[in-house]
2 protein chains.
Amino acid sequence: MPDALILAAGRGDRMRDQGLIKPLVPFLGVPLLERAMTVLARIGVRRIVVATGWQAEAVSEAARRYGARLGVEVEPVYAPDWERGNGASAAAAAGRFDRPFLLVMCDHLFEPEMLAKLAEQTPPARGLVLAVDRNLSHPLVDWDDVTCVRVEGAAIRAIGKGLPNPDGFDTGAFLLTPEALARLKEERIPSMTELVRRLAEEGRAQAWDASGYFWADLDRPDLLQRAEALWLAKIAGKAHDGPVSRRLNRPISVRLSRWFIRHRIRPMQITWLAFAMSVVAALFVAMPPWWAIAFGGILAQLASIVDGCDGEVARATYQESDYGGWVDAVLDRYADALLLGAMCWHALVHEMAGMSAVAAGLAALSGALINSYTADKYDGWMRKHQKAYRFRLGRDVRVFAFFLACLLDAPMALLVLTAAVMHLENLRRLWVVGR
Amino acid sequence: MPDALILAAGRGDRMRDQGLIKPLVPFLGVPLLERAMTVLARIGVRRIVVATGWQAEAVSEAARRYGARLGVEVEPVYAPDWERGNGASAAAAAGRFDRPFLLVMCDHLFEPEMLAKLAEQTPPARGLVLAVDRNLSHPLVDWDDVTCVRVEGAAIRAIGKGLPNPDGFDTGAFLLTPEALARLKEERIPSMTELVRRLAEEGRAQAWDASGYFWADLDRPDLLQRAEALWLAKIAGKAHDGPVSRRLNRPISVRLSRWFIRHRIRPMQITWLAFAMSVVAALFVAMPPWWAIAFGGILAQLASIVDGCDGEVARATYQESDYGGWVDAVLDRYADALLLGAMCWHALVHEMAGMSAVAAGLAALSGALINSYTADKYDGWMRKHQKAYRFRLGRDVRVFAFFLACLLDAPMALLVLTAAVMHLENLRRLWVVGR
């Protein structure tokens with residue numbers, strides 16, 4: 001994996017008006033510079049040079065701190081004439097690389113996979129590769145500000161703002177040769193755009209198609225807001241989200257997650273909050289009056305929504321951990337057991353459903369828990385065989401049915417339905433995986 | 001991974017008396033030649049030469065059949081003067097290898113890991129590496145027949161049957177250079193032992209220490225019998241076997257497994273047999289009389305023993321599959337649910353334990369199922385941190401407690417105990433993995 005250069009020298013005039021140092025502005029709770037460094041560290045970059053300019057002291061200090069935590073080597077370099085443009089900032093790093101390296105803008109957001117793929121390209125001798133997004137309907141692009149490119153085959157033919165008939169956008173991610181970097185310095189080229197233009201004339205500027213990957217230029221505060229929502233929505237959905245999760249829970253949990261991130265609430269705290277809500281829900285469901293069971297049902301459904309936030313917050317702020325995911329899963333099983341147990345209790349004590357309530361309760365409880373037990377293997381199998389779910393029967397559907405049954409005050413119907421559907425689904429899974 | 005040569009030319013006089021072709025004699029249901037080829041294919045060998053002699057036609061045909069199924073290239077070669085000894089048999093393969101290769105005796109049993117490690121060694125120029133077991137108390141060695149070696153450092157100094165003061169045993173597994181093989185032919189060396197002796201004089205015979213790996217020379221029918229029991233006992237134990245499994249279930253299931261293998265019963269059939277036994281056990285437990293619940297308890301414990309056989313048979317006959325293991329695990333959960341459900345029913349209906357039976361039943365059922373849900377992750381964590389279990393609370397302990405409670409006709413005690421112990425264990429797991 002190549003080394004990398006992050007350009008973090010600019011003032012970001014539009015943001016400075018808000019009293020902010022651009023590289024340290026948080027995006028979903030993580031400063032832009034830390035985010036860029038984390039993404040590079042994730043794809044295996046071990047050495048990062050950070051070009052600083054405005055507020056160099058604060059930015060360098062932050063870069064060193066992030067680097068120490070990520071376990072990567074950090075070299076801040078001060079670019080004295082950073083005000084001339086991003087080319088002049090990059091020039092300060094000349095001589096610090098001896099093979100092609102990744103160059104990214106600090107105020108851009110990139111999916112890790114995009115940079116990993118870009119790093120695999122081979123730049124032309126003494127030239128560069130620019131990641132170009134050919135999807136001209138990018139939702140976050142500001143047409144007045146974006147740099148456009150025209151390409152022929154893999155070669156860049158023209159570049160500039162307001163270019164007529166563009167083929168794609170400059171994403172702000174480069175794979176640069178040391179010679180191209182040296183040229184920035186020798187020829188005092190003010191901007192990366194101008195460097196690309198000169199190299200393009202010599203056939204040394206190549207475009208690599210980055211269409212389909214998520215990236216964004218977060219130059220303006222309002223773009224930053226919109227990008228947060230889009231980015232969270234993108235990472236929130238899991239391949240095996242069920243229908244209720246996709247249509248009801250996720251759209252709400254994504255909004256909640258932004259609130260949690262802004263208030264620095266950690267994923268594990270959200271996990272326990274959701275569990276506590278389920279415990280309280282079970283207590284209400286076990287009580288006799290209709291309003292209590294209805295309230296319990298609503299609370300259980302809310303807990304199911306909140307339960308989606310821990311994963312979203314973890315992924316958005318790079319706090320994912322196997323342990324966190326496991327605790328979440330185990331507490332979900334406890335929540336399931338408590339809710340179904342409370343429902344069985346309600347049917348038995350308050351509705352005098354007798355032995356049939358006990359039988360249905362035991363069957364529903366075992367069906368639901370064994371359903372979760374079979375889920376890992378089943379999902380793995382679906383992934384391996386690249387099958388799409390038509391309708392995944394998981395916890396989202398189960399809790400939603402529970403919620404409806406509480407509103408309708410129909411505990412026996414829920415227990416019988418859960419038992420029947422879950423056991424049939426378990427048998428179906430055993431059968432389809434075995435075929 | 002190197003290619004391999006299997007010596008399958010000998011007559012095996014002691015076995016022939018029983019009318020058997022030695023390479024085709026089944027060991028735990030799998031013919032010796034198929035077993036040797038399977039082990040080689042497992043460690044990544046892609047081309048196997050089989051030296052044949054006595055009954056060459058039948059042996060070659062079998063080798064081709066096994067090779068086709070294993071997806072390895074097979075070259076049978078007929079050794080016309082195989083009766084002179086195993087050196088003469090091996091000589092028939094001269095010219096068929098252009099780099100060092102594994103040489104194994106067909107009538108020997110080897111653990112795959114042992115051959116994989118041997119394949120990683122580097123033989124001396126034009127020499128060989130012999131796997132030597134320095135554990136002189138090997139339970140299957142026939143001192144009148146075994147070939148002994150004396151070593152100095154890594155160099156073999158002397159070799160032969162009845163050698164005084166030996167340092168170890170010749171295991172029958174070699175890593176041989178093509179030049180050493182050619183020499184067998186050129187100098188008409190009758191036996192591998194004689195080849196080792198000549199190379200040792202020139203400092204070209206190295207010993208590799210195979211102590212600790214399982215291997216056996218199955219030259220005599222009675223050794224074969226004893227080796228079956230030892231081998232099965234070795235592969236039966238899982239690292240996370242609980243105390244009841246280790247001391248009670250495994251010793252019995254190993255004997256049962258040999259019976260299942262001899263009668264060609266497949267692992268999946270055993271899985272379903274054990275489940276059916278649990279279903280019948282649950283029916284008896286749900287009945288009122290003492291003898292019924294006691295009989296149900298005994299049947300449940302027997303089912304738990306039979307349930308260990310599917311894995312043993314699968315491993316002994318190379319029929320392991322992820323799917324088989326998964327079905328076994330899911331049916332175990334169903335058996336757990338049925339047995340605890342039946343116990344709850346018994347307490348409720350026949351002992352009039354009332355609401356406390358329902359509460360205890362739901363708690364025991366959820367505790368046991370969530371215990372299995374947490375087991376995978378917990379066992380993985382224990383393995384990763386190389387911790388030994390002091391006392392693993394798993395299904396073996398649970399079913400044994402169930403069995404005792406049935407004999408004592410104490411359903412409520414079992415439900416309360418299961419609920420308390422399982423939930424505490426689940427919390428403990430969450431806690432220790434998180435530390």
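So that the names make sense, note that chain A is the first sequence line, chain B the second, and so on, each numbered from 1.
Proximity of B:Ile370 to B:Met422: side-chain heavy atoms (C-beta onward) are nowhere separated by under 4.5 Å. Under the 4.5 Å side-chain criterion, counting only non-hydrogen atoms from C-beta, A:Val330 is not in contact with B:Asn426.
For B:Trp381, no part lies near chain A; criterion is any non-hydrogen pair under 4.5 Å. Within the 4.5 angstrom heavy-atom criterion, atoms from both the backbone and the side chain of B:Ser372 approach chain A. With a 4.5 angstrom heavy-atom cutoff, B:Asp376 does not touch chain A via any of its atoms. B:Val327 touches chain A through backbone and side chain together, each having a heavy atom under 4.5 Å away.
Proximity of the aromatic rings of A:Tyr373 and B:Tyr373 is defined here by a centroid distance below 6.0 angstrom, and this criterion is not met.
Here the closest heavy-atom approach between residue B:Cys344 and residue A:Leu362 is recorded as SG-CD1, 4.1 Å.
Counting only distance, with no hydrogens or angles, the side chain of B:Ser304 and the backbone of B:Ala300 share no donor-acceptor pair below 3.5 Å.
With chain B as partner, the option from A:Gly361, A:Gly367, A:Ala363, A:Ala329 having the largest number of non-hydrogen pairs under 4.5 angstrom is A:Ala329.
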